[in-house]
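The next block holds one structure in the form of structure tokens; read it before the comments.
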There are 2 protein chains.
Amino acid sequence: MKIRQEEIVEAALTLADEQGLGALNMRAIAARLGVQASALYWHVPSKTALMRAMAQSFHARALAVAGAGAAKDWRRWLIDYGVALRRALLSHQGSALLCATARPAPDTAAAAGDLLAAPLVAQGLSRAHALSCLASINALALGWAVYEQSEAMHDHLAEMIGFDESFALGLEAMVSGFHVD
Amino acid sequence: MKIRQEEIVEAALTLADEQGLGALNMRAIAARLGVQASALYWHVPSKTALMRAMAQSFHARALAVAGAGAAKDWRRWLIDYGVALRRALLSHQGSALLCATARPAPDTAAAAGDLLAAPLVAQGLSRAHALSCLASINALALGWAVYEQSEAMHDHLAEMIGFDESFALGLEAMVSGFHVD
DNA sequence: ACCTGAACACCGTTCAAGT
DNA sequence: ACCTGAACACCGTTCAAGT
């Protein structure tokens, strides 16, 4: 039974989705593909690299969604990006923690930075300022997603606030406070 | 050689600080205390519980700093809290990831929520709105700290933006966008 | 080229046994 | 009460050997 890199990442993703990030181990991934754990190492250098690939798929999704409407007002664009990023993170269990743990490949990160900054720079923000704003939105979305995906934290916070509204409130407040430099 | 709970948490904290969170294991902690790994389980129920205790020490520090000046304007207070929280997280290696992973004890979290909301409620914000604002600030500080403590992410971002200024910018933007409900 | 089987070092945790 | 020593199951990873 032949295996490809892509299949391994996909299997890992659905496994993490079903059983949680803590249940993600090489033997379980291999079993899901009808193969031995050691077979994975022909296609993937390490579990760390595998998790990095998993994390990148989330960023890629958010980037694709946000990149679509580049003609909008830059504040609107930032808000849409933040919402899309959070949604992408929440779409799979444990993805926030995964993104917090796994570092992206340096070249991918640089390319993503350029792509994200472009629509802001086109509307008059300096590149440095655009990246700064983007980083804050990344941090906000990641932080919220971490809280929402932490079981106990989720249960506790959910009693007192609504996640969607609170995130929207914080995001809109932040973006409205940004200025063109 | 007798051991106390507190000593174990402290040893774990300094070990994580020196060697990183990945090097944190029961045998290493025990060795630092001149004891066998199995001895730890007389004082601590599990590694998970130990990490929870570690995470709580960070929140406690930030809470102590922020609780100090309760008479300030609520926006100023929120900003000071955010800055204190981030500083507390950055003071130990891997603390952000630790706080993202370990869930606090439910009663501690509830008490912290009350304590933090109090100065805001005293100045006219509703309890729900105060908690919502606080959660956003928590998320922002945690997200930033995660980025700053992720080695590769750090190196990459540091080339383009200043962490301190960018965090301050995002935090002040957000707080200035909050309103009394 | 791609996979199996068996092994290695390491880890969290348990438990009888010591003092 | 508190600690040691030895063990267990589990994990990431390697590597010879098969096909």
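Proteins get letters first, then strands, A, B, ... in listed order; numbering begins at 1 in each. As a basis for the values below, the full set of heavy atoms in this structure was taken, side chains included, without hydrogen atoms, waters or symmetry mates.
- Considering only side-chain N and O atoms, B/His43 lies nowhere under 4.0 angstrom from the phosphate OP1 or OP2 of D/dA1.
- Residue pairs meeting the salt bridge (Lys or Arg N to Asp or Glu O under 4.0 Å) criterion with at least one partner in residues 21-46 of chain A, sequence neighbours excluded, are A/Glu18-A/Arg32.
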Once Watson-Crick and G-U wobble pairs under 3.5 Å are found, how is DNA chain D written in dot-bracket notation, 5' to 3', with | for any base paired to another strand? ||.|||||...|||||.||
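- The distance between atom CD of A/Gln5 and atom C1' of C/dC2, rounded to the nearest whole Å, is 15 Å.
- Checking B/Leu13, B/Leu15, B/Leu50 one by one against B/Leu24, the side chain to side chain contact (heavy atoms under 4.5 Å, CB included) holds for a single residue, B/Leu15.
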Starting from the C-alpha separation in whole Å, work towards a yes-or-no answer on side chain to side chain contact (heavy atoms under 4.5 Å, CB included) for A/Arg86 and A/Asp164. CA-CA 10 Å; A/Arg86 172 165 167 270; A/Asp164 292 346; 2.7 Å; yes
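- When the salt bridge (charged side-chain N to carboxylate O under 4.0 Å, His left out) test is applied to B/Arg76, the partners found at least two apart in sequence or on another chain are B/Asp80.
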Under 4.0 Å protein heavy-atom contacts per nucleotide of nucleotides 4-17 of chain C, with B for base, S for backbone only and - for none: BB-----BBBBB--
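- Ring-plane geometry between B/Tyr147 and B/Trp144 is classed as perpendicular, the angle between the planes exceeding 60 degrees on a 0 to 90 degree scale with a lower cut at 30.
- Taking A/Leu171 as the reference, A/Ile79, A/Val83, A/Ile137, A/Leu140, A/Phe167, A/Val175 meet the side chain to side chain contact (heavy atoms under 4.5 Å, CB included) condition, with sequence neighbours excluded.
- A/Gln93 contributes atom CD, which lies 12.0 Å from atom OG1 of A/Thr14 (distance to the nearest 0.5 angstrom).
- Every residue two or more places apart in sequence or in another chain that forms a side chain to side chain contact (heavy atoms under 4.5 Å, CB included) with B/Ala49 is listed here: B/Pro45, B/Ser46, B/Arg52.
- Under 4.0 angstrom from either OP1 or OP2 of D/dC2 there lies at least one side-chain N or O belonging to B/Trp42.
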